[in-house]
Each structure stands twice: as C-alpha cells, then as structure tokens.
There are 2 protein chains.
Amino acid sequence: MATTTAAEIRARRKAEYNAFLAVCPSHKMLERISGKWVMLLLSALGSGPDCTGGPRPMRYSELSRLLAGVSQKMLTQTLRALERDGLVTRTVTPTVPVTVSYEITELGLSLHQMMRGLKVWAEAHTDEVAANQAAYDTATGCPLSG
Amino acid sequence: MATTTAAEIRARRKAEYNAFLAVCPSHKMLERISGKWVMLLLSALGSGPDCTGGPRPMRYSELSRLLAGVSQKMLTQTLRALERDGLVTRTVTPTVPVTVSYEITELGLSLHQMMRGLKVWAEAHTDEVAANQAAYDTATGCPLSG
DNA sequence: CTGTATCCTATATGATACTG
DNA sequence: CAGTATCATATAGGATACAG
C-alpha cells in the first residue's frame, strides 16, 4: 500500500507547474492581451479610429461603433480590465446624460508600441504560414483533395 | 414595414467586422500564440529544456515531462497545430517502440525571437501593473480592504 | 449615454481509458 | 513510446432586457 506513486507525483508536479505559470510575467502578459478585444481597444485608443494617427481619448459609444462586433458586456469588461492594469484611464464627466471618455496611458502606449513587433512579424509571415498550412493539409488529406 | 433598421444594420456591420478579423494577420497571429501551451513549447524547443541554451530537437515524452501540467491531448493538439503552421517539424523514426522527435524550424525560431520582446516588456512592467491593480482594487473596494 | 444583470452557447482544456 | 477516443468541465464570449 505504500502507494505514493505515479498519479500522486504527477499531480504534485502539475500543481507546482501551474503555480509557476500563475506568476510567470510572460505568461500573465500573454493571458492579459489574449482577450478578443484587448488589442483592438489598445490599437483604437493608441492610434486613433483610423489606426494611422496618434493617441486620442474616445468615448464608450465611439469605441462601440468602431469595434463593430463587440457586445456591451465585453466592451465594458475589457475596458475595466485595461483600466485595472493601468493601461487606460476612465474619466466621467457628470453631464446629463453622463459622458465617459477612455484614454490610453503611457504604460498602455508602451505595450501598444511593443505589439507593433508582433504585427510586423505577422504581416511578414502570413503568406509563408498559409502556404505551410496548405501543404500540410494536402499532404494529410484533410480537405477535398481526394 | 420598410424595417431595415437598427438590429439588421448592426448585424451586418458585425458580420463584416468578423470577416475582417478572420483575415487580419495580427489577429490571426495572436490567436495562434494564445494557446496555453504554444509559447511554452516554442520556448522549450527554441531554448532547450533549461531555457538558456539553443534550439534542440526533443521527443514527445521529454516535452511531456518538461511541461509538467500538460495533458496528452493538449500536447499532441498543440504540436500538430505548430507543425501545420510550419513552426516545428515532426520526425518519426521506425524503431520499436516508435521514436518521434520535434524540432523548431527557422520560422518558429523567428517567432520565438520575436516573443522575446514581449517577455522583456512583461518582466519590465510586472511590478507596475501589479501596483496599478492593487491601487484599483483598494479604490474600488473589491477585496477585504473595508 | 453608459452601463448592469441574467441567461445561454461555443470553445478550450482536461481526465480517463485504450491502442499499435 | 507516442499517441487516439471519449467524456466531462470551465470559461470566454454573446444575446437580451433593463436602469441611472
């Protein structure tokens, strides 16, 4: 019965690993930016509505229109998360009805700049990846390549 | 009832936006690397088991041990996705039992290098983000700060 | 205008058992 | 060793209705 074996040991190693992942800066950052609307919002607030200008404060409704597919729930939720991280600020003006504007912070802007690298890589290698996928698919016989 | 209004227009704009996102290189790339084990695998294959060396081919079981928490399903699934994208290669040696080794490609290595930027940013700003979160939480009264 | 509250679905991930 | 197949679960994301 001295069965402190296999399953238990694996379970412990897994717990330790999850604990490590929970504090790993890179991993946390990846989770932070992985949300469907995170980069879109940072991009809108960091480069303006046309994605070619500079940072500019925007209102809730303006963001809602710009990110055409976003639900109110996700827009609010994502903005709150960004605000909590200090990547954007939220300013309420007590007009009637109330006016709220969101603005990217310096920290948020630095992240936005950082992500440009990813954008460059993505655009440079999209074709190559697509070709690899196509080759893999025909070789594996996935689609109607019969 | 010429009711081509509100809801319908929004639905169309949303469909168009989703179509745009589906082909946007940056967004596709972000989805690609967002998997829980993607960066971990690229890192293992790109920097060796100790994360300090150079690229080295590794076997399925070796990766399984290194990424202590991963399930067989997710390990296989993630490796296949990476292989399909041309980020890693899979080599089968017909010994008995069979031997399979995975190796990062040049393309995968270039992505791995790219992600170093994210790592640097993450490690440089972890404390700042944590401080922002703490400030936000106490200001909002979320935790037991009453 | 700027949200909140509720309910619902899809997808990612995981546990377990089995195989060449 | 290196998986596949199946079942189960958690979470992200979304639709809808309502409110200050």
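Only heavy atoms go into these numbers, but all of them, side chains included; no hydrogens, no water, no symmetry mates. Sequence lines set the chain letters: A, B, ... in the order given, protein chains first and strands last, and positions in each chain run from 1.
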Spacing of [X] atom [atom1] relative to [N] atom [atom2], expressed in whole Å:
X: Leu75(B); N: dA5(D); atom1: CG; atom2: P; value: 16 Å
X: Met58(A); N: dT2(C); atom1: CE; atom2: P; value: 12 Å
X: Leu21(A); N: dT13(C); atom1: CG; atom2: P; value: 13 Å
X: Glu31(A); N: dA10(D); atom1: CD; atom2: C1'; value: 14 Å
X: Gln72(B); N: dC7(D); atom1: CD; atom2: P; value: 18 Å

Nearest to the [X] side chain among [options], which nucleotide is it?
X: Tyr60(A); options: dA2(D), dG14(C), dT2(C); result: dT2(C)
X: Met74(A); options: dG3(D), dA2(D), dG13(D); result: dG13(D)
X: Gln77(B); options: dG3(D), dT4(C), dT13(C); result: dT13(C)
X: Lys14(B); options: dA2(D), dG14(D), dA17(D); result: dG14(D)
X: Lys73(B); options: dC7(C), dC1(D), dC7(D); result: dC7(D)
X: Val100(A); options: dG3(C), dC1(D), dC1(C); result: dG3(C)

Problem set entry | Leu87(A): which of Leu79(A), Leu82(A), Leu109(A) passes side chain to side chain contact (heavy atoms under 4.5 Å, CB included) |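 Running side chain to side chain contact (heavy atoms under 4.5 Å, CB included) over Leu79(A), Leu82(A), Leu109(A) with Leu87(A) returns exactly one hit, Leu82(A).
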
Problem set entry | Ile33(A) side chain reached by Met39(A) side chain, heavy atoms, under 4.5 Å |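 Result yes, sub-4.5 Å side-chain heavy-atom pair found.
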
Exercise. When the nearest nucleotide of DNA chain C is assigned to Val92(A) and to Val98(B) on a heavy-atom basis, which residue is associated with the more 5' position?
Worked result: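 Comparing both residues, the 5'-ward one is Val92(A).
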
Problem set entry | 5′-ward residue of the pair Pro97(A)/Asn18(A) relative to DNA chain C |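 Looking at DNA chain C, the more 5' nearest nucleotide goes with Pro97(A).
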
Exercise. Is a side-chain N or O of Thr138(A) found less than 3.5 angstrom from the main chain of Ala135(A), in a donor-acceptor match?
Worked result: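 Between the backbone of Ala135(A) and the side chain of Thr138(A) there is a qualifying donor-acceptor contact (under 3.5 Å).
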
Problem set entry | Whether Thr99(B) side chain and Thr95(B) backbone form a donor-acceptor pair below 3.5 Å |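 No.
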
For this session: Compute whether any side-chain donor of one residue and acceptor of the other, for Arg116(A) and Ser26(B), lie under 3.5 angstrom apart.
Result: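 Distance-only check fails for Arg116(A) and Ser26(B).
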
Exercise. Do we see a donor-acceptor contact under 3.5 Å between the side chains of Thr76(B) and Tyr60(B)?
Worked result: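 A donor-acceptor contact under 3.5 Å links the two side chains.
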
Residue-phosphate contact under 4.0 Å: [X] side-chain N/O, [N] OP1/OP2:
X: Ser71(A); N: dA15(D); value: no
X: Arg80(A); N: dT2(C); value: no
X: Arg59(B); N: dG3(D); value: no
X: Arg90(A); N: dG3(C); value: yes
X: Tyr102(B); N: dC1(D); value: no

For this session: Residues of residues 35-45 of chain A with any non-hydrogen atom less than 4.0 angstrom from an atom of DNA chain C: list those, numerically ordered, please.
Result: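 Contacts with DNA chain C under 4.0 Å: none.
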
Exercise. Should Val120(A) and Met114(A) be regarded as members of a common hydrophobic cluster, given that ILVMFWY residues are connected when their side-chain heavy atoms come within less than 4.5 Å of each other, either directly or indirectly?
Worked result: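 Different hydrophobic clusters.
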
Problem set entry | Residues Arg56(A), Glu62(A): salt bridge by 4.0 Å N-O rule |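 Yes.
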
